[in-house]
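Notes to accompany the following structure.
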Amino acid sequence: MNSTLSSEDLDNDIRIQQVQQSAPDAVQFYIKEENFNNDPYEMIQQQVMTFQPIKNKDDTRCEQASKDGGKKFEDKKQIKCMRSVGTYVIQQIGRKILSGDMNLTKISFPIKAMIAKSALEKNLQSTIFFPLYINRAVQTVDYMEQLKLVITATIATFHINLSFHKPLNPILGETVEGFLSDGTQLYAEQISHHPPISQFYGVGRDNSYKYFGNYWYEASAGINSITLKNKGKRTIVFNGGQRIDYNFAYELYSGTIMGSMKVETLGVSTYQTNKGLTATLKFGKVKRKATDYFEGSINMGPQELCKIFGTYMGYIEFDGIRYWDHRYMYPHQVTIKPPFLLSDAQLRGDYTNLAALDIDKAQIEKENLENLQRHDAKLRTKFKEIRRKKEEKKKTT
C-alpha cells in the first residue's frame, strides 16, 4: 500500500474530526473503509488473466484478528457508546413492563449507535471480491475451479464485512442500486417487513453471470452476546451452465456488555451445484486453532475431490494451494448510485440527517418511519382479514 495520504484520505480524516466534534457521545458515523480497489475494467481484466495462486504458505492473520478467534473491536469510544445503548434499551423495556405496556416492539434502537448506511448497502458488500474471482470463474469451463473461486470470493469478504457498526434497518419497499468498476450492476430491495427479508440481484458485465438471493435475519440475545442467523440463500449462475446455491453460517457478537468485544462466523456453510459438486465448510471447529479457522471439502457424491482449509481472517487454500491472502488481494469498491427511485434508501429522513450529523433530528425521523411502517402493517393485516372473510362468504353461497 502507498504510505502517503491522498486528498481523499485527508477529506476522510477531516470528516471524522467533524463527527467527533459535533457528536461526541455518538458512534463515529462515518466509517473509514478498507483500502478498496477501484481499478478500471481494462486493468481488472489484466489482473484476471494473470491470476495465479499465492506462493506464500505462512499461517497469516490480519491485525484485526482476535487471539481466540474472530474479529476484535477495540475502539474505546465506540464500545462505550454501544454499551450505553444496550443499557438504555434494557431500561426502556423495564419502564414499559412497569407501566403495564407489554408492546415492546415500539422500543426504538437509538440512532446514535448506528451508521448512515442502509442494511441494503451492506448486503451488496458481499460482492467486493467479485471483480477478480468471479470474472476469473467466468473464463473457465472447469466446474470445480468455478466452485473454488465462488467460495474464495465469499470467504475473503468476512474480515471486512464482519462489524459491530449497525446500519439502518430497511423500510418495506426500500431500494438501493450500485455497481462495481468491472461493470457489474447491483440491486437490492426490502421485500418483507416481518420477517425482515432483503432481496438482491446482480448481473456481470455482458450478462456473464447472475447473482441473486436474499438476507433473512433472526437475532437472539444472550447475557453478554447476540447471535445473528441468516436464513437466506445465495445463488450464482454462469453462462456456461453451472448454478451454485449456497447458504450462510451464523454470526456471534460477544462482549456486548462487558469484556472484549469481537464477532465470529461459526457453524456450517454448504454449496450445492447443478453439476453434482458439493462443498461443506465448518467454522470454529479446527483443533488447536482459533475460531476463525475453517476446514472442509469439495465432493462429488461420497467421493472427496479436494480439501479446503484456512481462516477468514487471513487466507484460504484448496489442497494446499492458496487462492486468497489478505496481504495481496484487496477488495473492490461497491459504488452506490445517486437516488433514481423515490424508494431509494438515501432519501430517508433519518439517513440524510444522520449523514449530516443532526442526531436528534435523525432519531425523530427514524421513529416516524418506524411508526409509519407499523401503521402500514396493521392496514395490511386488516385487508387480509377482510379478504379472508369475503372468500369464506363466497364458499358458503
Residue from Q146, M144, Q242 passing side chain to side chain contact (heavy atoms under 4.5 Å, CB included) with K275:
Q242
Is it the case that the side chain of D182 and the backbone of T184 share a donor-acceptor pair, with hydrogens and angles ignored and the cut-off at 3.5 Å?
yes
Y293 ring center near F283 ring center (under 6.0 Å)
no
Of all heavy-atom pairs linking S225 and T256, the shortest is N-OG1, 3.3 Å
With a 4.5 Å heavy-atom cut-off, do Y250 and N230 have their side chains touching?
no
Over all heavy atoms of both residues, which pair between P195 and S192 is shortest? Give the atoms and the distance, please.
O-OG, 2.5 Å
Pairwise side-chain contact, E264 with S254, heavy-atom cut-off 4.5 Å (strictly under):
yes
Hphob cluster co-occupancy, L147 + I321, side-chain heavy atoms under 4.5 angstrom
yes
Any chance you could measure D68, atom CG, to K289, atom NZ, to the nearest 0.5 Å?
14.0 Å
For a quick test of reading the model, state the closest non-hydrogen atom pair linking P131 to I44 and the distance between them.
O-CG2, 3.5 Å
Test item: N224 side-chain N/O and I257 main-chain N/O as donor-acceptor pair under 3.5 Å
yes
Report the relative orientation of the aromatic rings in Y209 and F238; use parallel for angles under 30°, tilted for 30 to 60°, perpendicular for over 60°.
tilted
Ignoring hydrogens and geometry, is there a side-chain-to-backbone donor-acceptor pair from T127 to F130 under 3.5 Å?
no
Between K282 and F294, is a side-chain contact (heavy atoms from CB on, under 4.5 Å) present by the stated rule, with each step listed?
CA-CA 5 Å; K282 297 180 180 179; F294 58 86; over 6 Å; no
S198 side chain to Y217 side chain, donor-acceptor N/O pair below 3.5 angstrom:
no
Any donor-acceptor pair under 3.5 Å from N161 side chain to Q125 backbone:
yes
Heavy atoms of other groups near K80 NZ, more than 12 under 6.0 Å:
no
Grab the two heavy atoms, one from Y351 and one from A345, that are nearest each other, plus how far apart they are.
CD1-O, 3.4 Å
Heavy-atom closest pair, residues K337 and Q346
O-NE2, 2.8 Å
State, yes or no, whether a side-chain contact exists between I128 and V334 at a heavy-atom distance under 4.5 Å.
yes
If you measure only the distance, is there a donor-acceptor pair under 3.5 Å linking the side chains of T175 and D344?
no
If you define the side chain from C-beta out and look only at heavy atoms, does anything of I151 sit under 4.5 Å from L281?
yes
Go through the steps for F248 and K229 under the test side-chain contact (heavy atoms from CB on, under 4.5 Å), then give the verdict.
CA-CA 8 Å; F248 298 84; K229 294 183 178 180; over 6 Å; no
Derivation and outcome, side chain to side chain donor-acceptor pair (under 3.5 Å), residues D245 and T235
CA-CA 4 Å; D245 299 296; T235 297; 2.5 Å; yes
Stepwise side-chain contact (heavy atoms from CB on, under 4.5 Å) check, T352 with L347:
CA-CA 7 Å; T352 55; L347 299 178; 5.9 Å; no
Say whether M261 and I226 are linked into one hydrophobic cluster, either directly or through other cluster members, by side-chain heavy-atom distances under 4.5 angstrom.
yes
Short question: side chain of K166, backbone of I115 - any donor-acceptor pair under 3.5 Å?
no
So V48 and Q139, do their side chains get closer than 4.5 Å, heavy atoms only?
yes
Between K390 and I386, is there a side-chain heavy-atom distance shorter than 4.5 Å?
yes
Salt bridge flag under 4.0 Å for residues R388 and E392:
yes
Spatial distance of atom CD (E367) from atom CD (E370) [nearest 0.5 Å]:
6.5 Å
Verify whether one side chain among E145 and T140 offers a donor that lies under 3.5 Å from an acceptor in the other.
no
Evaluation steps, side-chain contact (heavy atoms from CB on, under 4.5 Å), between H159 and K71:
CA-CA 7 Å; H159 77 293; K71 183 178 180 179; 5.6 Å; no
Report yes or no: does K72 contribute a side-chain atom to a donor-acceptor pair with the main-chain N or O of Q64 at less than 3.5 Å?
no
Sequence neighbours excluded and cut-off under 3.5 Å, please list the side-chain donor-acceptor pairs for residues 308-320, or say none.
unit_1	atom_1	unit_2	atom_2	d
T311	OG1	D292	OD1	2.4
T311	OG1	M313	N	3.0
Y312	OH	T265	N	2.9
Y315	OH	D59	OD1	2.8
E317	OE2	R322	NE	3.0
E317	OE2	R322	NH2	2.8
D319	OD1	K307	N	2.9

Y41 six-ring centre to R205 NZ/CZ under 6.0 Å and within 45° of normal
yes
Flag yes if L168 and L369 sit in one hydrophobic cluster, no otherwise; membership is Ile, Leu, Val, Met, Phe, Trp, Tyr, and two members link when side-chain heavy atoms are under 4.5 Å apart.
no
Under the 3.5 angstrom rule, does the side chain of E174 hit a backbone N or O of I171 as a donor-acceptor pair?
yes
For the student: nearest non-hydrogen atoms of R61 and A290, plus distance:
NH2-CB, 3.8 Å
Sidechain N-carboxylate O distance under 4.0 Å for E365, K361:
no
Looking at Y328, I want to see if its OH is surrounded by more than 12 non-hydrogen atoms of other residues, nucleotides or ligands under 6.0 Å.
yes
Matching residue for D39 among Q46, H332, Q47, Q45 - test: side-chain hydrogen bond (donor to acceptor under 3.5 Å, both in side chains)
Q47
Under 3.5 Å donor-acceptor, D350 side chain and A362 backbone
no
Taking it one step at a time, do T154 and Y133 satisfy side chain to side chain donor-acceptor pair (under 3.5 Å)?
CA-CA 9 Å; T154 304; Y133 293 109; over 6 Å; no
Report yes if some heavy atom in the side chain of P170 is under 4.5 Å from a heavy atom in the side chain of S118; otherwise report no.
yes
Quick one, N274 and Y143 - any side-chain contact, counting heavy atoms below 4.5 Å?
no
Any donor and acceptor pair, going by atom type alone, linking the side chain of Q272 with main-chain N or O of I244 inside 3.5 Å?
no
Proximity of Y253 and F164 rings by center, below 6.0 Å
yes
Linking I/L/V/M/F/W/Y whenever their side-chain heavy atoms sit closer than 4.5 Å, directly or via other members, would V138 and L132 fall into one cluster?
yes
Test F200 against every option in Y187, Y215, F212 by the ring pair (Phe, Tyr, Trp, His ring centres under 6.0 Å) rule and name the one that passes.
Y215
Has the side chain of S297 got a donor or acceptor atom that lies under 3.5 Å from a matching backbone atom of N299?
no
D325/K57 ion pair, N-O < 4.0 Å:
no
Just wondering, are more than 12 heavy atoms of other shown residues or ligands nearer than 6.0 Å to CD1 in I223?
no
Counting only heavy atoms not in E385, do more than 12 sit closer than 6.0 Å to its CD atom?
yes
Are V203 and V237 connected in a single hydrophobic cluster, I mean Ile/Leu/Val/Met/Phe/Trp/Tyr linked by side-chain heavy atoms less than 4.5 Å apart?
yes
